[in-house]
Each structure stands twice: as C-alpha cells, then as structure tokens.
Amino acid sequence: MLATSSRICVVLALATLSSSASASPGVDPPAPVLPPIFVAPFQESMDYYIHTFHTKGVLYFDATSSSERMDREDGVADRYCGTARPFAGTFCSHLIVDSKRYLLFPQKDHGLGADSGYDCCFCCSAEDGCGVLRRDFLSNATFVGYETLNGTRAQHWREEGLQENDYWQTDDGQQRPLRLLQKPNDDMVFLGFSDAPIGPSVFELPKSCAEGRKCGGTCALVRRG
Ligand SMILES: *[C@@H]1O[C@H](CO)[C@@H](O)[C@H](O)[C@H]1NC(C)=O
Ligand SMILES: *[C@@H]1O[C@H](CO)[C@@H](O)[C@H](O)[C@H]1NC(C)=O
C-alpha cells in the first residue's frame, strides 16, 4: 500500500512539473534492445546465506544464432550452478544452444572414464523459460532516468514483476549493458564490451553434454520434461 501510494505521489508530482513547464516535456528514450552480438565481462555480487559473495565472469551473447553463454569463475552462489553441483570455488558456465540450457563445469571430471571430458548436465529448455535472453527483454520496462555510472552517462530502466530488475545501459545509442540488478540479491556490473563476431568454438557443446545427464537443484525445479 505504501509503495503504491508513494508511486502515485511521484506520478502526480511529475505530472504537475511537466504541465507547469513550458519547455517541451521530457520524452523517454525508447525501451532497451540488446545489441545483436556482444561479449561483456562482468563482476557480480550475490547474497549467499549471510555473506555477500563476489565473482567475475563473461557474458557471450549472439542473437543471430540464438546462442548465449555465461561463465562464472565461481558458480557456487548462482542458483542454477550452485544447486546442481554444490562445489565452492568451481568455474561454471551456462551454455544455451538449440533452445537448450546446459551447465558446464570444466574443472570437474565427468566421472565416466578418462576420455569422457568434463562435467556437464542438461538444465532446462526454452519451453521451461530457459532460452536465450530476448533482445527486447525490457520492452515493458519503465524509464527511471538518466544517471552517471562510473563516469558513463546511463539510462536507468526498471522492470517490475515477481522479481524486480533494474538495468542500466549506455545512453550513446549503442545500448551497451552497464549493470543488471536483480533484486533482492544479484548485482552484475559490466566491465567492458565488444561487438566483434564471436568464434563458433565459444558456443560449441562439449561432447560430455551429449550424455543427456540432467542437472538437479534449481534446474530440476524449472524443468518440465
Ligand atoms: C510486454 O507486454 C506484452 C503485452 O502484455 C507482452 O505480449 C510481451 O511479451 C511483453 N514483453 C516482454 C519482453 O515481456
Ligand atoms: C570504472 O571505469 C574504469 C575506467 O574505465 C574501469 O577500469 C573500471 O573497471 C570501471 N569499474 C566499474 C565497476 O565499472
């Protein structure tokens, strides 16, 4: 109730401001659309039990081939990686290809013999909501305002929902991701950006994934099949 009524007050205050201003009213920028291809390293903080956990990673995104990969140096606090394989200090990747999401643990042996490669499991599919991020995933988001993030002029967007997401991107027409805050506890700050083509090896599915072993934990909860 409190949140709703304070939001109404803000809306009223803004309406009053813009109606009293004779200058052209502010026009919100168009909703974000992710660049079709990019690579962006990030640092991430997540609440993990009573600690704040930090890791680094890289996001590889290619909408033209519907492929995405998110590497984390330590996946223990990620709710998919950390519940599928509760190993602390272990690299974990989400790899989404052909509408299927896999979890890869390249520092862990698959346990199927010397040649079997590293640990990999099938997490969930696009029908379960586990597909590649939509370029327009924020098409219904609200523009919060312009802010400066680490010296860069940014657009701040907010998606209300079951889980509130705040997103910042550059305001230079390139729509580079700057920060994604998934409330209550996952804060991802992007440290760089490249829109150069991504080599196919990045999205190559290791042969150990073809085993079809299924991940437990959060993956099993969201997976219908
Ligand atoms: C935005 O809202 C429309 C209408 O409810 C819906 O069809 C569309 O899927 C939504 N977009 C996203 C990215 O959720
Ligand atoms: C802030 O900007 C500096 C210089 O561009 C960069 O080295 C640093 O990684 C950035 N920090 C964050 C948290 O984005």
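Read the numbers this way: they start at 1 and go in the same order the structure lists the ligands and their atoms.
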For ligand 2, what is the set of protein residues having any non-hydrogen atom at a distance below 4.0 Å?
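For ligand 2, the residues that come within the 4.0 Å heavy-atom cutoff are Gln43, Asn150, Val189, Leu191.
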Are a donor atom and an acceptor atom from the side chains of Thr152 and Asn150 found within less than 3.5 Å of each other?
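No, no side-chain donor-acceptor contact under 3.5 Å.
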With no hydrogens and no angle check, just 3.5 Å: does a side-chain donor-acceptor pair link Thr218 and Thr83?
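Note: Thr218 and Thr83 side chains meet the donor-acceptor criterion.
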Answer whether the closest heavy-atom distance between the side chains of Lys100 and Phe122 falls below 4.5 Å.
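Lys100 reaches Phe122 side chain to side chain.
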So do Phe143 and Trp157 actually touch side chain to side chain, heavy atoms under 4.5 Å?
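The answer is yes, as the side chains (C-beta and beyond) meet within the 4.5 Å cut-off.
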Side-chain donor-acceptor pairs of residues 89-99 under 3.5 Å, sequence neighbours excluded:
residue	atom	partner	partner atom	Å
Ser93	OG	Asp71	OD1	2.7
His94	ND1	Arg101	NH1	2.9
His94	NE2	Asp78	OD2	2.8

When you check the gap from the basic side-chain N to the acidic O, do Lys183 and Asp166 get nearer than 4.0 Å?
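Salt bridge between Lys183 and Asp166, a charged N being under 4.0 Å from a carboxylate O: yes.
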N-O pairing of Asp128 and Arg224 below 4.0 Å
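Salt bridge flag = yes for Arg224 with Asp128.
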Looking at Ser139, which atoms of ligand 1 are within less than 4.0 Å of one of its heavy atoms?
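Numbered from 1, ligand 1 contributes 11 (N), 12 (C), 13 (C).
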Would you mind listing which atoms of ligand 1 come within a distance below 4.0 Å of any non-hydrogen atom of Asp136?
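In order of numbering, the contacting atoms are 13 (C).
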